[in-house]
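The residues of the chain are indexed from 1 along the displayed sequence.
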Amino acid sequence: MRLEALPLVTNLSAPLLSLTVLVPLLAAFFVARTSHLAQARNATLTALSVSFGASAWVLVQVLSAGGGMLADSLLSNWLAVDSLSAVLIVLFPALALVTAAAAPQRDADRRFLTVTLVVVSATLATYAAQNVLVLFAGWTGSLIPFLLRRERDRWFALSRYTLGASALALAVAIGAGYLGASHAGVADPLSLASLARRSDGGTLLLALVAASLLRTGLFPAHRGIAATLGGSGLLLSMLVMNGHQGLYLLARIVIPHFAAADSQLIFWLGVLALLSCLLLAVLGLAEKTAEGLLATVFVSHACALFAGLATRTPEGVTGALLQWLVLGVCSTVLIAVYRCLHVRTDGDITGSGFNGFAGATPRFAVMFALAALALAGLPGTLGFSGEDLLMHGALVAHGWFGAVLPIAIALNAWHVYRLFAILFMGEPRISPLNLRDALPRERVSLFAALAVLIWFGFAPGHAVTLREAGVRMILGTATTVSAALP
C-alpha cells in the first residue's frame with residue numbers, strides 16, 4: 001500500500017494540528033524570555049496540556065472517521081494525521097507533560113523547559129508532516145538537546161555524530177525523492193507522497209533505511225544512541241528517545257512503500273534488529289552505572305520494536321505498536337524516579353552495592369517496580385499482551401532467528417530487577433531523614449501514566465482496537481489480531 005492510497009478524506013473540525021504543533025513552540029519563546037522560574041514552569045505545563053487536549057480531540061475525530069487521513073483545517077498541505085500517527089500525537093505530549101511535571105526543581109530551569117517545548121513541537125511536526133520540509137525540520141529540530149550538549153566525552157561526541165548522520169541520511173532521501181518526483185512530473189514534488197517515487201534505483205530506500213537504523217540504534221549505531229542517556233539532561237534525553245522517529249519513518253514510509261518490492265532487505269533488517277536487541281541485552285551485563293544500564297535496556301527494546309515492524313505480520317506489527325506505548329510510559333517513569341533519587345542524594349548512588357532507598361521512599365519504589373514489571377511483560381499490564389504478540393510475530397517471520405527475542409527480553413528483565421535491587425533493597429546507606437518521598441506532583445503524574453498501562457493490561461482488546469487501523473495502514477491489508485484478544 002502506498003501513501004497516495006490514503007487520500008485526505010476531509011479536514012479536521014478546527015486547526016487542531018496547528019494548535020498541537022505550534023502552541024509548544026510559541027510557549028518556548030515566552031519561557032526563554034521570562035525571568036520567573038515559576039511562571040516558566042506553569043507556562044510549560046499549560047502549553048503541554050493544551051497540546052495534549054488538542055491531540056486527544058484529533059484522535060477522537062480520526063477514530064470517528066474510521067482511521068482515514070484527516071488534514072489540518074488551517075495548514076492542510078503541511079499537516080495531516082491518520083490512524084498511525086494519531087495515537088503517537090497523543091502519546092508524546094502526554095509523556096512530555098509527565099516529564100515536565102515530575103522533573104526535579106534542579107533540572108527544571110528555563111533551558112530545560114524551553115528545549116522540552118521545542119522538542120515536543122518538532123516531534124509532533126514529524127508525526128503530522130505531509131511535506132518533506134516539515135518532516136526534515138521536525139527530525140532535526142528534535143536533535144537540539146544533543147547539539148547544545150556541553151559534555152566533551154567521546155561517547156557523547158559519538159551520539160552527536162550518530163544522530164547527525166541520521167539527519168544527513170534523511171536529507172539524501174528527501175533529495176532523491178524530490179528528483180524522482182520532479183522527473184515524473186509530479187505536481188507537488190515536496191509532498192510526503194513523493195518519497196514513494198524512486199529516483200535512481202535503491203538510493204532512496206537505502207537512505208531511508210540508514211536514517212531509520214541510525215536513529216533507532218541498531219548495530220553498529222547502538223553505542224551512539226545508548227550514549228545519549230548519559231551526563232546531564234537525562235530526562236530530556238529520554239524524552240527525545242521516546243519520539244522514536246526512526247521507527248516512525250520505518251512504519252510510515254519504508255514498510256508500506258518498499259517492503260513488497262524489497263522483501264529480502266526488510267527480512268534481513270528484521271534479523272539485524274533482533275541481533276542488535278540481543279547484543280545490547282548482553283552488553284547490559286557489563287554495565288556498572290545506572291544510566292548505562294537503563295540506556296542499553298531502552299535501546300534494546302527499541303530494536304525489538306524495529307524487528308516487530310519488520311516482520312510484516314499482523315501479530316508482530318500489532319505487538320510493536322503496543323510495546324511502543326509501553327516503552328514510552330515505562331522508560332519515562334523509570335528515568336524520572338531514578339533522576340529524582342539522584343537529585344535527592346546529590347548523586348550519592350552506588351552501583352556496586354545496595355542503597356536501601358525503599359524505607360525512605362516507598363512510593364518511588366512502587367512506581368519503579370510497576371514500570372519495571374510492565375516493561376518485562378507482567379500479566380495484568382499492557383506489556384504482557386504486547387510482548388506476546390511481538391514474540392509470536394518474530395517467530396513466525398524469522399524462524400529460529402526469532403528465538404533470540406525472548407532471550408533478550410529475559411535479560412532486560414533481569415537488568416531492571418538488578419537496578420531495582422541496587423536502588424531500593426538492603427540496608428539504607430543514607431539516613432531516611434535526609435530523603436523525601438515522591439511529592440504530590442510526582443505521584444500524580446507518574447501513577448497516572450502507569451494506570452494507563454494497567455487499564456489496557458486488563459482490557460487489551462481496547463488497545464488492539466485502537467491500533468488495528470494503523471496495522472492495516474502499515475501492512476496494506478484488512479487482517480488484524482483483534483479477534484485473538486478478549
Side-chain angles (χ1 to χ4, degrees), residues 3 82-92 95 119 122-129 135 138-139 142-143 162-163 166-167 169-170 173 192 195 205 207-219 221-222 224-226 228 238-259 265-266 269-274 276-277 280 295 297-313 316-332 375 386-387 389-390 393-394 397 405 408 467 470-471 473-475:
L3 191 63
D82 63 7
S83 55
L84 175 63
S85 55
V87 175
L88 302 179
I89 286 175
V90 175
L91 175 66
F92 195 74
L95 295 179
V119 167
T123 304
L124 295 177
T126 302
Y127 293 156
L135 177 68
W139 185 284
S142 63
L143 302 181
T162 303
L163 294 170
S166 74
L170 182 61
L192 194 61
L195 284 184
L205 174 60
L208 289 171
V209 166
S212 180
L213 184 152
L214 290 167
R215 191 71 186 260
T216 305
L218 272 64
F219 178 86
H222 60 290
I225 299 302
T228 60
M238 190 69 256
L239 182 64
V240 175
M241 287 182 64
N242 273 328
H244 295 300
Q245 296 192 30
L247 295 176
Y248 182 73
L249 188 66
L250 182 74
R252 166 61 67 194
I253 299 175
V254 175
I255 293 179
H257 299 290
F258 299 104
L265 175 62
I266 302 300
L269 278 176
V271 172
L272 177 62
L274 288 170
S276 300
C277 177
L280 283 155
V297 169
F298 298 152
V299 179
S300 178
H301 276 274
C303 292
L305 301 187
F306 193 107
L309 293 173
T311 62
R312 299 171 56 211
T313 64
V317 173
T318 303
L321 295 183
L322 295 184
Q323 284 299 99
W324 195 324
L325 305 177
V326 174
L327 180 58
V329 172
C330 292
S331 60
T332 299
L375 191 61
E387 281 190 357
L389 291 169
L390 196 61
L405 185 58
R467 304 307 280 141
V471 174
M473 196 287 298
I474 295 172
L475 298 179

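With contacts defined as side-chain heavy-atom distances shorter than 4.5 Å, the pair Leu192/Ile253 qualifies. Taking the side chain as every heavy atom from C-beta outward, Leu325 and Val87 approach each other to under 4.5 Å. Put simply, the side chain of Leu214 does not reach to within 4.5 Å of the side chain of Leu163, judged on heavy atoms. Taking 4.5 Å as the limit, every side-chain heavy atom of Gln245 sits out of range of all side-chain heavy atoms of Leu143. The closest side-chain heavy-atom distance from Ser142 to Thr126 is not below 4.5 Å. For the pair Val209/Phe258, no side-chain contact is recorded, criterion being any heavy-atom separation below 4.5 Å from C-beta on. A heavy-atom distance below 4.5 Å is not found between the side chains of His222 and Ser276. His257 is not listed as a side-chain neighbour of Leu208, based on a closest heavy-atom distance of 4.5 Å or more.
Taking CG of Leu247 as the reference point, atom CG of Leu249 lies at 9.5 Å (rounded to 0.5 Å). Between atom CG of residue Leu327 and atom CG of residue Leu375 there is a gap of 6.5 Å, rounded to the nearest 0.5 Å. Distance check, rounded to the nearest 0.5 Å: CG of Asn242 to CG of Leu88 gives 11.5 Å. To the nearest 0.5 Å, atom OG of residue Ser300 and atom CG of residue Leu405 are 8.5 Å apart. With rounding to the nearest 0.5 angstrom, the CG atom of Leu475 is 7.5 Å from the OG1 atom of Thr318. Here the CZ-CG distance, from Arg467 to Leu389, works out to 13.0 Å after rounding to the nearest 0.5 Å.
Across Leu205 and Val254, no two heavy atoms sit closer than the pair CD1-CG1, 4.1 Å. Across Thr311 and Val317, no two heavy atoms sit closer than the pair OG1-N, 4.0 Å. Shown here for Ala394 and Leu274, the closest heavy-atom pair between the two residues is CB-CD2, 4.4 Å. Taking every heavy atom of both residues into account, Ile225 and Thr216 meet most closely at CG2-O, 4.0 Å. Counting all heavy atoms, side chain and backbone alike, Leu218 lies closest to Cys303 at CD1-SG, 3.9 Å. What you find for Gly138 and Ala125 is that their closest heavy atoms are CA-CB, 4.4 Å.
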(message) Test side-chain contact (heavy atoms from CB on, under 4.5 Å) on Met473 and Arg252; report intermediate values, then the result.
(response) CA-CA 8 Å; Met473 196 287 298; Arg252 166 61 67 194; 3.8 Å; yes

(request) Please test Leu213 against Phe219 for side-chain contact (heavy atoms from CB on, under 4.5 Å), starting from the C-alpha separation and ending with a verdict. (result) CA-CA 8 Å; Leu213 184 152; Phe219 178 86; over 6 Å; no

(request) Could you please spell out the steps behind the side-chain contact (heavy atoms from CB on, under 4.5 Å) verdict for Phe306 and Leu272? (result) CA-CA 9 Å; Phe306 193 107; Leu272 177 62; over 6 Å; no

(message) Determine whether Tyr248 and Trp139 satisfy the following criterion, side-chain contact (heavy atoms from CB on, under 4.5 Å), listing intermediate values before the conclusion.
(response) CA-CA 11 Å; Tyr248 182 73; Trp139 185 284; over 6 Å; no

(request) For His301 and Phe298, run ring pair (Phe, Tyr, Trp, His ring centres under 6.0 Å): C-alpha distance rounded to whole Å, both residues' side-chain angles, the deciding distance at 0.1 Å, then the answer. (result) CA-CA 5 Å; His301 276 274; Phe298 298 152; 7.8 Å; no

